[in-house]
Number of protein chains: 2
Amino acid sequence: MARGKGASRESETGTLGKVMALLELVTHSDGPMRFTDILALSSQPRGTLHRQLVHLVEEGLLEFDADGRYVPGLRLLDLASRSWARNEFRLITEPYLKDLQQMSGETVHLGVLRGTSIIYLDKIEGRQSVRMYSQIGNASPVYCTGVGKAALSVLPDDAVEPLARNLSFNRFTPHTLGSADALLQELKTIRETGVALDREEHELGIRCVAAAVWTVDGSFTGGVSITGPAYRLTLERLEEWTTPIKQAAQSIMDAIRIRLGPRG
Amino acid sequence: MARGKGASRESETGTLGKVMALLELVTHSDGPMRFTDILALSSQPRGTLHRQLVHLVEEGLLEFDADGRYVPGLRLLDLASRSWARNEFRLITEPYLKDLQQMSGETVHLGVLRGTSIIYLDKIEGRQSVRMYSQIGNASPVYCTGVGKAALSVLPDDAVEPLARNLSFNRFTPHTLGSADALLQELKTIRETGVALDREEHELGIRCVAAAVWTVDGSFTGGVSITGPAYRLTLERLEEWTTPIKQAAQSIMDAIRIRLGPRG
DNA sequence: CCCGCTGTTCCATTATTTGGAACACAATTT
DNA sequence: AAATTGTGTTCCAAATAATGGAACAGCGGG
């Protein structure tokens, strides 16, 4: 009942919430974790922690490797592949992504806003696309990705402000936006031009142009982007692509409206 | 304590088990489900079911779309992408898969046995690899895939028998093996030749050669395969590839042994 | 042989889940 | 328009599962 405006991380979902926090802990770590590693990070008594881990392993969400360390389980893959294969927005968007890819020759992404992250829902690469999963599903910060900034630019003001204020700005490169004010300022420009640029803000040598894609009912807030190495994606190039990417975003939104009715 | 030999689906993992069963139900359905749809399939009282769904939604494992239907949540993507990116066996195997792909020009898979399914851990396609996720993470039956049969062929006898007896054989094509006996018979041949063939047993027009990859401690049982359209993968072609694929499997097992110590 | 580190088990206490029933609300039928 | 059926949501005492402290086991090193 007491769901605040989003200040403190409250409302643990009973047992499930605790177990998921644990799963997230192990999944987001850099490598396999031993019991003690987890114990140190989880602020739970040993007995409890142990039982929760056993449950997660029994469910296949974690695995207990031969060296006695916990690693993410493969059941997650199965669940996720179905989640992805059936995603409505991804299915609708797919052909437009392909068009953008062909037009530009560069890598094209579809991302969606979840909390303070962008989750990449799809990715289409130029030639030999080898490592796809490495990007799809990845959660990246909103404030240093083209799709992230584009998505924020179409949120209502009363939603953007608090979200921006709550971010912790990690300086990935010298160009990364470093404060809520800087971000809000940039969003103004994005609203005027209709496209968001990532000028090596997340990774040095990588630039991108993005346009927002959203539904009025808020069920989807995200964007599409064209990404590539800075030496190919000169500022002139990016400029050239602003029109096609805005058109693509518009076409996608039209398609969503047709497929999903008046919600869009 | 009472973990039977695998006869009846026992040992619900307390609350987590029930909730995961629910998540699986929704995730494995053909499309979005309404509350009532789920209620009909879940044999739980409305109140309970409702709260569980709310919890799953709060955790991002399910989403409640604008039409009031439940769909798999995107948090699964994030969890899975990390599970995949870090998977030890996949990382070790990757270069060998690439070699096989280059040698054959066809699609190459890495799969691992989980229960009575093969989960595809990796896939490398020839040219434009567009739909990757659609295969990675997918769980396919053991008895009608090359990787599945190869994996079974290296299990100890006392493990194969009960597993085979418990399968329900779904006839995907006229060539699908239809009984435990047929499967066990085929496994004999596979043990002799060292490779497993899929002669359009899962999908008409698709053939594959596979070789098993496993560790003696049982922490990995799976295989690699080369898959493609029947008109290109003639029986002579498959024959040609038996040696390279067996060599690749052996190299992978050597690499595992080196990386993981004497476990392999 | 003893010590310290790691992981596992036990069980009374405590908190959460359960599930029946009542409550809303909308769409359909009479 | 009123009644009915179908859907989804809320409530709360009873049943059940999770908790967590402490004791137990195993092992490698000093």
Side-chain angles (χ1 to χ4, degrees), chain A residues 1-3 9-26 29 31-59 61-73 217-219 260-263, chain B residues 1-3 9-26 29 31-59 61-73 217 219 261-263:
Chain A
M1 289 240 154
R3 296 226 71 192
R9 261 233 160 266
E10 235 227 274
S11 110
E12 293 271 344
T13 321
T15 305
L16 180 61
K18 292 167 204 161
V19 173
M20 287 306 297
L22 199 52
L23 179 58
E24 183 114 351
L25 178 66
V26 176
S29 82
M33 296 181 87
R34 284 176 325 184
F35 181 83
T36 317
D37 303 333
I38 305 173
L39 181 61
L41 292 171
S42 79
S43 66
Q44 289 195 90
R46 299 148 74 96
T48 302
L49 180 63
H50 186 258
R51 183 178 31 75
Q52 289 173 337
L53 289 172
V54 166
H55 283 174
L56 283 167
V57 169
E58 281 187 359
E59 286 299 324
L61 298 175
L62 287 182
E63 282 169 30
F64 193 56
D65 76 12
D67 299 340
R69 298 170 310 176
Y70 292 92
V71 293
D217 70 349
S219 60
L260 305 187
R263 281 170 38 192
Chain B
M1 288 235 157
R3 296 226 70 194
R9 262 236 159 262
E10 236 227 274
S11 109
E12 293 271 343
T13 321
T15 305
L16 181 61
K18 292 167 204 160
V19 174
M20 287 305 297
L22 200 52
L23 179 59
E24 183 114 352
L25 178 66
V26 176
S29 82
M33 296 182 88
R34 285 177 324 183
F35 181 83
T36 316
D37 302 334
I38 305 173
L39 181 61
L41 292 171
S42 78
S43 67
Q44 288 196 92
R46 298 148 74 97
T48 302
L49 179 63
H50 186 259
R51 184 179 32 75
Q52 289 173 336
L53 288 172
V54 166
H55 283 175
L56 283 167
V57 169
E58 281 187 0
E59 286 299 324
L61 299 175
L62 287 182
E63 282 169 30
F64 193 55
D65 75 13
D67 299 339
R69 298 170 310 176
Y70 294 90
V71 293
D217 70 349
S219 60
R263 280 169 40 192

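In the text below, chain A, chain B and the rest are named by the order of the sequence lines, each starting its count at 1.
Inter-residue side-chain proximity for A/Tyr70 and A/Asp37 is flagged as unmet; no heavy-atom pair is nearer than 4.5 Å. Side-chain contact between B/Phe35 and B/Leu49: present, with at least one pair of heavy atoms (C-beta onward) separated by less than 4.5 Å.
Taking side-chain N and O atoms only, A/Thr15 has a distance below 4.0 Å to OP1 or OP2 of C/dT17. Of the side-chain N and O atoms in A/His50, none sit less than 4.0 angstrom from OP1 or OP2 of C/dG7.
If you take CZ of B/Arg46 and P of C/dT17, they are 21 Å apart, rounded to a whole angstrom. Across the protein-nucleic acid pair, B/Ile38 atom CD1 and D/dT9 atom P stand 11 Å apart, rounded to whole Å. The interatomic distance linking B/Asp67 (CG) with D/dT7 (P) rounds to 15 Å, in whole Å. Atom NE2 in A/His55 sits about 13 Å away from atom C1' in D/dT16, given to the nearest Å. Residue B/Arg51 contributes atom CZ, which lies 12 Å from atom C1' of D/dA17 at whole-angstrom precision. Between the CD atom of A/Glu58 and the P atom of D/dA18 there is a distance of 11 Å, given to the nearest Å. Between B/Leu53 atom CG and C/dT17 atom C1' there is a gap of 15 Å when expressed in whole angstrom units. Across the protein-nucleic acid pair, B/Asp37 atom CG and D/dG8 atom C1' stand 12 Å apart, rounded to whole Å.
With B/Asp65 contributing its side chain and B/Asp67 its backbone, the two residues share a donor-acceptor pair below 3.5 Å.
Of the residues A/Leu61, A/Leu56, A/Leu16, the one that meets the side chain to side chain contact (heavy atoms under 4.5 Å, CB included) test with B/Met20 is A/Leu61. With A/Met33 as reference, A/Ile38 is the one residue of A/Ile38, A/Leu39, A/Leu62 to meet the side chain to side chain contact (heavy atoms under 4.5 Å, CB included) rule.
Residues B/Arg34 and B/Leu16 each lie close to DNA chain D; by heavy-atom proximity, the contact nearer the 5' end of the strand is made by B/Arg34.
Distances from the side chain of B/Thr48 to the nucleotides C/dT18, C/dT8, D/dT7 place C/dT18 closest. For A/Lys18, counting side-chain heavy atoms from C-beta on, the closest listed nucleotide (D/dG8, D/dT19, C/dT8) is D/dT19.
Contact annotation for A/Gln52: backbone-only contact, meaning every heavy-atom pair under 4.0 Å involves sugar-phosphate atoms and none involves a base.
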